[in-house]
Amino acid sequence: MKFNAPRGTNDILPPEIKKWQYIEDLTHKLFTNYNYQEIRTPIFEYTELFQRGIGEVTDIVEKEMYTFEDKSGRSITLRPEGTASVIRSFLENKIYGQAQPTKYYYIGPMFRYERPQSGRFRQFHQLGVEAIASDDPALDAEIISLGIRLMEELGLEDFELHLNSVGCKSCRPKYVKKLKSFLIENKEDLCDKCRERIERNPLRVLDCKNQSCQSVIKGAPKITEHLCPECDEHFSEVQSFLDILNIEYNINPLLVRGLDYYTNTAFEIKDNALGAQNTVFGGGRYNGLAEEIGNRDIPGIGFALGIERLLLSLDAKGIEVAEEAGIDLYITVIGKKAKREAFRLLDILRNEDFKTEIDYLDRSVGSQMKSADRMNAEYTIIIGEDELENNSATIRNMKSGNEEEIKLSNLLEVMKQLVDKEEI
Ligand code: HAM
């Protein structure tokens, strides 16, 4: 019998995991600087949360959710995204009773039953931020700048920011009505899927990649020209705050996101080196979401970034984020007695934060030295019966080849002198 990981999932093996840790460490540091706090919500939620939050007529809810009944017959869904859960948690824990705004970030796996391809998986990982309970356009700019800053810190500079406003519950329905009649007029030139979408979710037509639909869409009414005065003002304010930060953006009135909760600002960062799945992160405002799932009128804005896509983006540009670090010392042993002493020394050195290793496969000295090389050991020391008897051994710098005779009982002190330890 042979088992494979389920389609669309990945094992993340060392040394790949180094890159993940690097990105996670950077996220904790950077997001904390912007005064966002980490939140962890469950991997699964009751299905209704996503149906109401993301919207019944979205690809995610209609086709992509991992939904099952638990043993008590409740419908459970593996989270396809983080925003609905974060707002559910904000409401459930009555965080609105505290000083606002609330600024959260999260890192973790999400699940969508999509057709796997480069940059698209069934279990993938997002790092996301949500700033809740403020409608300030400066916060929209802060959120966008935070995502861009993360990319820049990683050395990624060649990307495009697409920006749009999708209006609010007062101006959007009027726009959607106009768009609908336009699409009906041009029905003949739309693909089958888009014809279906006219009634169910006409905004999604704007997102269609089909050539013929694209030429129809070019002439479609633009949402940015149909915003109510409040939304229009909010949108220009967002732009002016982005200008203060010298962030370049393309206004893209065709940008509609795949989740229904968005209002006002919507944005995506695209890396054109990535092919079809080129959106590294996306987000926007969701001023109606708390109302939808908890009957409270609380605004919010956020984004989520796909870590796998970020890594592809780094690969495409040949950027190495985390170099494999070697170990400080490899203790080569000859014989059982020496193994016991080496095992004791290993513990002493590790307690003092030296990265140290020994052999666990009873190998020859030659093989042990090969292991030391593979582990990129800075130093090696050989301990056998003689060394034990004379309390003396030779420590070798693997790079320079220099050797030094030391007292075995002084190994820790010698290592302290040799290895430049960073103070923590
Ligand atoms: P989303 O656009 O559905 O938004 O996903 C955000 C990002 O997650 C995408 O830009 C992409 O990098 C990554 N992603 C999505 N699906 C997959 C997949 N199947 N495989 C690999 N990566 C994927 C949201 O999820 C919103 N919750 C973002 C947000 C937060 N809006 C406001 N706050």
Side-chain angles (χ1 to χ4, degrees), residues 6-10 12 23 31 36 39 41 45 49-50 53-55 58-61 63-66 78-90 102-132 139-140 142-144 146-148 150-151 156 159-162 164 166 204 207 255-271 274-290 292-293 299-314:
R7 191 164 134 78
T9 68
N10 295 300
I12 310 163
I23 290 169
F31 289 16
Y36 286 74
I39 179 170
T41 60
E45 299 268 1
L49 174 71
F50 301 120
I54 298 171
T58 55
D59 282 353
I60 296 180
V61 171
K63 299 185 244 169
E64 298 169 2
M65 296 207 300
Y66 279 90
L78 299 186
R79 62 181 187 191
E81 60 108 41
T83 312
S85 305
V86 168
I87 298 303
R88 193 263 312 132
S89 168
F90 177 88
T102 296
K103 305 206 295 184
Y104 286 143
Y105 74 92
Y106 49 90
I107 308 177
M110 308 290 161
F111 307 86
R112 295 184 195 176
Y113 189 78
E114 292 195 83
R115 197 169 48 79
Q117 62 182 92
S118 171
R120 194 160 76 187
F121 307 99
R122 290 182 174 171
Q123 174 172 329
F124 60 98
H125 298 76
Q126 283 187 344
L127 56 91
V129 288
E130 312 294 349
I132 310 162
L139 207 45
D140 301 43
E142 174 178 293
I143 286 274
I144 293 171
L146 179 52
I148 289 179
L150 181 78
M151 295 198 45
L156 290 166
F159 49 74
E160 280 174 18
L161 166 61
H162 291 247
N164 193 16
V166 294
R204 294 298 297 174
D207 210 22
L255 174 71
V256 282
R257 307 254 313 122
L259 306 96
D260 275 357
Y261 49 59
Y262 291 109
T263 57
N264 301 92
T265 315
F267 59 89
E268 282 181 355
I269 290 274
K270 291 182 187 291
D271 177 351
L274 285 191
Q277 303 304 318
N278 64 351
T279 306
V280 181
F281 70 86
R285 273 208 165 271
Y286 43 84
N287 290 352
L289 178 58
E292 196 62 48
I293 63 179
I301 175 156
F303 74 74
L305 173 153
I307 300 183
E308 286 83 355
R309 287 195 196 166
L310 187 67
L311 287 166
L312 283 172
S313 202
L314 289 166

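Order of appearance sets the numbers: ligands from 1, and atoms from 1 within every ligand. No hydrogens, no waters, no symmetry mates; every other heavy atom, side chains included, goes into these values. Here, residue 1 is the first one in the sequence, and each next residue gets the next number.
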Fill in: Expected output: side-chain Arg7 to main-chain Arg115 donor-acceptor under 3.5 Å
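No; judged by distance alone, with no hydrogens or angles, the pair does not exist.
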For [X], which part has a heavy atom under 4.0 Å from ligand 1: side chain, backbone, both, or neither?
| X | value |
| --- | --- |
| Phe281 | backbone |
| Arg257 | side chain |
| Arg112 | side chain |
| Tyr261 | side chain |
| Leu259 | side chain |
| Phe303 | backbone |
| Glu130 | side chain |

Please list the nearest protein heavy atom to [atom] with its residue and the distance rounded to 0.1 Å.
| atom | value |
| --- | --- |
| atom 18 (C) of ligand 1 | Phe124 CD2, 3.4 Å |
| atom 11 (C) of ligand 1 | Arg309 NH1, 3.3 Å |
| atom 19 (N) of ligand 1 | Glu114 OE2, 2.6 Å |

Applying a strict 4.0 Å limit to heavy atoms, is [X] in contact with ligand 1?
| X | result |
| --- | --- |
| Gly258 | no |
| Gln126 | yes |
| Gly284 | yes |

Fill in: Partner residues of Asp59 under the salt bridge (charged side-chain N to carboxylate O under 4.0 Å, His left out) criterion, sequence neighbours left out
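Result, salt bridge (charged side-chain N to carboxylate O under 4.0 Å, His left out) vs Asp59: Lys63.
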Any heavy-atom pair between the side chains of [Y] and [X] that's under 4.5 Å?
| X | Y | result |
| --- | --- | --- |
| Phe281 | Leu150 | no |
| Ile107 | His125 | no |
| Leu310 | Met151 | yes |

Practice prompt. Please list, chain by chain and in numerical order, all residues satisfying side-chain contact (heavy atoms from CB on, under 4.5 Å) with Tyr66, sequence neighbours excluded.
Written response: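 Partners of Tyr66 by the side-chain contact (heavy atoms from CB on, under 4.5 Å) criterion, ordered by chain and then number, come out as Leu78, Phe111, Tyr113, Arg122.
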For the 3.5 Å polar cut-off, considering only N or O atoms, please tell me whether [X] and ligand 1 meet it.
| X | result |
| --- | --- |
| Leu305 | no |
| Glu308 | no |
| Gly306 | yes |
| Phe121 | yes |

Worksheet item: Any chance the side chains of Tyr261 and Thr83 put a donor and an acceptor closer than 3.5 Å?
Response: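 Yes, a side-chain donor-acceptor pair sits under 3.5 Å.
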Discussion item. Would you say Tyr106 and Glu130 are linked by a side-chain donor-acceptor pair, where the criterion is simply a distance under 3.5 Å?
Written reply: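 A pair is found: one side chain offers a donor N or O, the other an acceptor, under 3.5 Å apart.
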Worksheet item: Would you call Arg112-Glu81 a salt bridge at under 4.0 Å N-O?
Response: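 Salt bridge between Arg112 and Glu81, a charged N being under 4.0 Å from a carboxylate O: no.
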Item to complete: Verify side chain to side chain contact (heavy atoms under 4.5 Å, CB included) between Met65 and Ile60, making sure each step is shown before the conclusion.
Response: CA-CA 6 Å; Met65 296 207 300; Ile60 296 180; 4.1 Å; yes
